[in-house]
Protein chains: 2
Amino acid sequence: MTAVEDGLRLETRERPDHETARDLVAAAIDAGALVTAVGRCTVDYEGRASSTLGPGERLVMLKPDGAALVHTDEGQQPVNWQPPDCEHEATLDGDGLLLIESHRETPEEHLAVSFESVLEVSAYGLTDERDLSLEGTEEDLRQRILDEPYLIEEGFIPLATERETPAGAVDIYGEDSEGRAVAVELKRRRVGPDAVGQLGRYVDAMERDLHAETEMRGILVAPSVTDRASRLLAERGLEFVPLTPTGTPESAD
Amino acid sequence: MTAVEDGLRLETRERPDHETARDLVAAAIDAGALVTAVGRCTVDYEGRASSTLGPGERLVMLKPDGAALVHTDEGQQPVNWQPPDCEHEATLDGDGLLLIESHRETPEEHLAVSFESVLEVSAYGLTDERDLSLEGTEEDLRQRILDEPYLIEEGFIPLATERETPAGAVDIYGEDSEGRAVAVELKRRRVGPDAVGQLGRYVDAMERDLHAETEMRGILVAPSVTDRASRLLAERGLEFVPLTPTGTPESAD
DNA sequence: CAATGGATATCGGGC
DNA sequence: GCCCGATGTCCATTG
C-alpha cells in the first residue's frame with residue numbers, strides 16, 4: 001500500500017525506473033490525486049483532429065477530474081491535452097517503458113504519452129474550495145448599465161435581459177426616449193467585425209418579429225471598436241456607445 | 001550555487017520551509033528552468049480584468065518563457081495565469097511566507113500567489129524540439145478542396161486563397177461552371193450562426209466591389225451546420241456543402 | 001504595435 | 001446531449 005492510498009498528501013520519485021513510475025502514477029490515479037510526470041517522451045493524439053509530437057522533454061499533468069495536460073517549456077497552452085472526464089491509465093509498454101494514456105468517448109479521443117526516460121513523478125492530494133471572484137466581465141458591464149441606464153443615453157429604459165429572438169438572445173432589450181425598441185449588445189473589450197454581425201443578426205430578427213414598419217435601433221456597447229467594425233456599423237445603421245465594465249476610462253473610438 | 005545553476009536537470013524539495021522554497025524558485029527562474037510549486041495559497045490578479053481566489057491547494061507552474069499557470073485539481077484551464085514574456089519573481093512576504101509574482105506591461109498585468117504552506121517545489125531543466133504535427137485542421141480542408149475542387153461542385157475553379165475584401169479575407173475565391181464569382185468559407189467543424197455572418201460579410205463586401213449587377217455566390221463548407229445557421233443561410237441566399245477536413249464521413253445536415 | 005480569425009479551443013447556461 | 005455565446009480566451013499571421 002502506497003502513501004497515496006494511505007491518504008498522505010505527497011509522494012515523489014526522482015529519476016525513478018519505469019516500473020516504479022508506473023506504479024506511482026497508477027496508484028495516484030486510483031487515489032484521486034493530481035499527478036505530474038516529467039521526462040523525455042513522444043505524444044500521439046487522435047480524436048477531433050490528430051497529432052504526433054516527436055521526442056522531447058515535457059511535463060504531463062493528470063487531474064483527478066480526468067483532465068490531462070502535456071506542457072513543454074514554452075507557451076501558456078499545453079501542446080497536447082484531454083478535457084475533464086477522461087479515463088487515465090498508466091502502464092508499461094512492450095519495452096517496459098512508462099506509457100500514460102487518456103481516453104474518452106463522445107467524441108472518441110485518445111492521448112498517449114510514451115516516455116523514454118522519467119525525470120520525476122509526483123502525486124499530490126489537493127483540496128480546493130475554488131471560489132474565484134472575477135471582476136471586469138461582460139456581466140459587470142450589464143449590471144452597470146442596468147444600474148445607470150443613462151450611460152447608454154438620456155432616457156434609455158432597459159426592459160429585459162437575454163431577450164430571445166429567432167437569431168439568439170439580445171443582451172439588453174429596451175426603449176429609447178421616443179419609445180423605439182433598442183437592442184443592446186455588450187462586449188467587455190474592444191470589438192471587431194464579429195460583434196457587429198452578432199448585433200446585426202439580432203436587429204434583423206427582431207425587425208422581422210415586430211413587422212417591417214417598426215424601426216429598431218441596435219447599439220453596440222464596448223470599450224472601443226476597430227476601424228472595420230466601425231465601418232460595418234455605419235453600413236448597417238447601427239450605433240456604438242463607448243463603455244467599460246469597470247468604469248475605467250479607456251481609449252474609445 | 002544550486003544544482004539548477006550548475007546545469008543539473010532536476011532539483012526538488014519536499015515540504016520545504018518558505019525560505020528554502022523561495023531560494024529554489026528564485027534560482028530556478030534565473031537559471032531558465034521550469035518550476036512547479038504546490039501548496040495552499042491565495043491568488044490575486046489585476047490587469048485586463050481582476051480576480052481574487054481564496055485559500056486552497058494548487059499547483060503553480062512557471063515556464064522559462066515567462067508564462068505562469070495556476071492549476072487547481074479541476075478543469076483543463078488554469079484558474080489563473082499569465083501569458084509568455086512576463087517577469088517572474090519569488091520572494092518572502094512580510095510574514096516570511098513564499099510569494100510568487102508575475103508581471104507584464106502592454107497590457108499592465110500582475111499576478112500574485114501567496115503561499116500559506118508549501119507541499120513541494122521542483123525545478124526542471126527541459127529541452128524540447130517542439131515539432132508538433134497536426135492533422136484535421138481548416139488548412140487540411142482547404143488543401144483538400146484545392147486538390148479536388150469538384151468536392152465543392154462540378155466545374156468549380158479555385159482562383160485564389162485568402163483573397164482580401166474590405167470585410168476581411170475570403171478563404172477560397174473561385175468561379176462556378178457558369179463563370180459566377182464564388183466565395184467559400186471553410187470551417188473544420190460543425191458551424192453555428194457566426195460562420196454564416198462571416199461568409200455574409202465577405203459576400204456583401206465583394207458584391208459591393210464587383211458592382212451591383214454581378215451576382216455573387218457564397219458557399220459555407222463544414223462537416224455540418226446547426227438549425228439556426230441553416231435558416232440564416234437560406235435567408236441570405238447562401239449555400240452549404242458538407243465536407244470534413246479528413247474525408248472521414250460524419251453526419252451532415 | 002493593432003487587427004483579424006482559427007482552435008482538438010474550453011466553459012457554463014439553457015433547452 | 002446539442003446549441004449558443006463569453007473568455008483576463010491564446011495564438012499565428014499580416015499590415
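All chains are named by letter (A, B, ...) in the order of the sequence lines, taking the proteins before the strands, and each is independently numbered beginning at 1.
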- Item | Between C1' of D/dC3 and CD of A/E164, the distance in whole Å | 11 Å
- Query: Atom CZ of B/R142 and atom C1' of D/dT13: how far apart are they, to the nearest Å?
  - Reply: 12 Å
- Note on the structure: B/D65 atom CG is separated from D/dA12 atom C1', nearest whole Å, by 15 Å
- Task: Look at all strands and tell whether B/P107 reaches a base, only sugar-phosphate, or nothing, counting heavy atoms closer than 4.0 Å.
- Result: nothing
- Closest listed nucleotide, where the reference is the side chain of B/D194 and the choices are C/dC1, C/dG5, D/dG5: D/dG5
- Item | Distance, rounded to the nearest Å, where A/E108 contributes CD and D/dG1 contributes P | 13 Å
- Message: Can you measure B/L141 atom CG to C/dG6 atom P for me and round it to whole angstrom units?
- Response: 12 Å
- What nucleic acid atoms does B/A167 come within less than 4.0 Å of, heavy atoms only: base, sugar-phosphate, or nothing? sugar-phosphate
- Any side-chain donor-acceptor pair under 3.5 Å between B/Y45 and B/E109? yes
Using nucleotides 6-9 of chain D, report all nitrogen or oxygen pairs with the protein that are shorter than 3.5 Å.
unit_1, atom_1, unit_2, atom_2, d
D/dA6, OP1, A/E185, OE2, 3.0
D/dA6, OP1, A/K187, NZ, 2.9
D/dA6, OP2, A/K187, NZ, 2.6
D/dT7, OP1, A/E138, N, 2.9
D/dG8, O3', A/R188, NH1, 3.4
D/dG8, O6, B/N80, ND2, 2.9
D/dG8, O6, B/W81, N, 2.9
D/dG8, O6, B/W81, O, 3.1
D/dG8, N1, B/W81, O, 2.3
D/dG8, N2, B/R48, NH2, 3.4
D/dG8, N2, B/W81, O, 3.3
D/dG8, N2, B/Q82, OE1, 2.8
D/dG8, N2, B/E109, OE1, 3.3
D/dG8, N2, B/E109, OE2, 3.2
D/dG8, N3, B/Y45, OH, 3.1
D/dG8, N3, B/R48, NH2, 3.0
D/dG8, N3, B/E109, OE2, 3.2
D/dT9, OP1, A/R189, NH1, 2.7
D/dT9, OP2, A/R188, NH1, 2.4

- Task: Could you tell me the separation between the CG atom of B/L132 and the C1' atom of C/dA9, rounded to a whole number of Å?
- Result: 14 Å
- Would you check if the side chain of A/K187 reaches a backbone N or O of A/L220 as a donor-acceptor pair within less than 3.5 Å? no
- Does the side chain of A/S224 come under 3.5 Å of the side chain of A/R190 through a donor N or O and an acceptor N or O? yes
- Mind calculating the distance between CG (A/L69) and C1' (C/dT10) to the nearest angstrom? 12 Å
- If the C1' atom of D/dT9 is compared with that of D/dG5, how far apart are they to the nearest Å? 13 Å
- Query: Would you say a side-chain N or O of A/T106 is under 4.0 Å from OP1 or OP2 of D/dG1?
  - Reply: yes
- Using the P atom on both, measure C/dT8 against C/dT4 and round to a whole Å. 23 Å
- Report yes if the side chains of B/V70 and B/L111 come closer than 4.5 Å at any heavy-atom pair, otherwise no. yes
- Base, sugar-phosphate, or nothing: which does A/P193 touch, judged by heavy atoms less than 4.0 Å apart? sugar-phosphate
- Item | B/D147 side chain to B/R144 backbone, donor-acceptor under 3.5 Å | no
- Task: Calculate the interatomic distance between B/Q77 atom CD and C/dA7 atom P; express it in whole Å.
- Result: 17 Å
- Of the candidate nucleotides D/dG5, C/dC11, C/dT4, which contains the atom at the shortest distance from the side chain of A/R201? D/dG5
- Message: Regarding B/N80 and B/S51, do their side chains bring together a donor and an acceptor under 3.5 Å, going by distance alone?
- Response: yes
- Message: Hydrogens and angles aside, do B/H88 and B/E101 bring a side-chain donor and acceptor to less than 3.5 Å of each other?
- Response: no
- Query: Less than 4.0 Å between a side-chain N and a carboxylate O, is that true for A/E87 and A/R104?
  - Reply: no
- Query: Can you find a side chain N or O atom of B/R228 that sits less than 4.0 Å from OP1 or OP2 on D/dC4?
  - Reply: yes
- Query: With a non-hydrogen cut-off below 4.0 angstrom, is B/P84 in contact with a base, only sugar-phosphate, or nothing?
  - Reply: sugar-phosphate
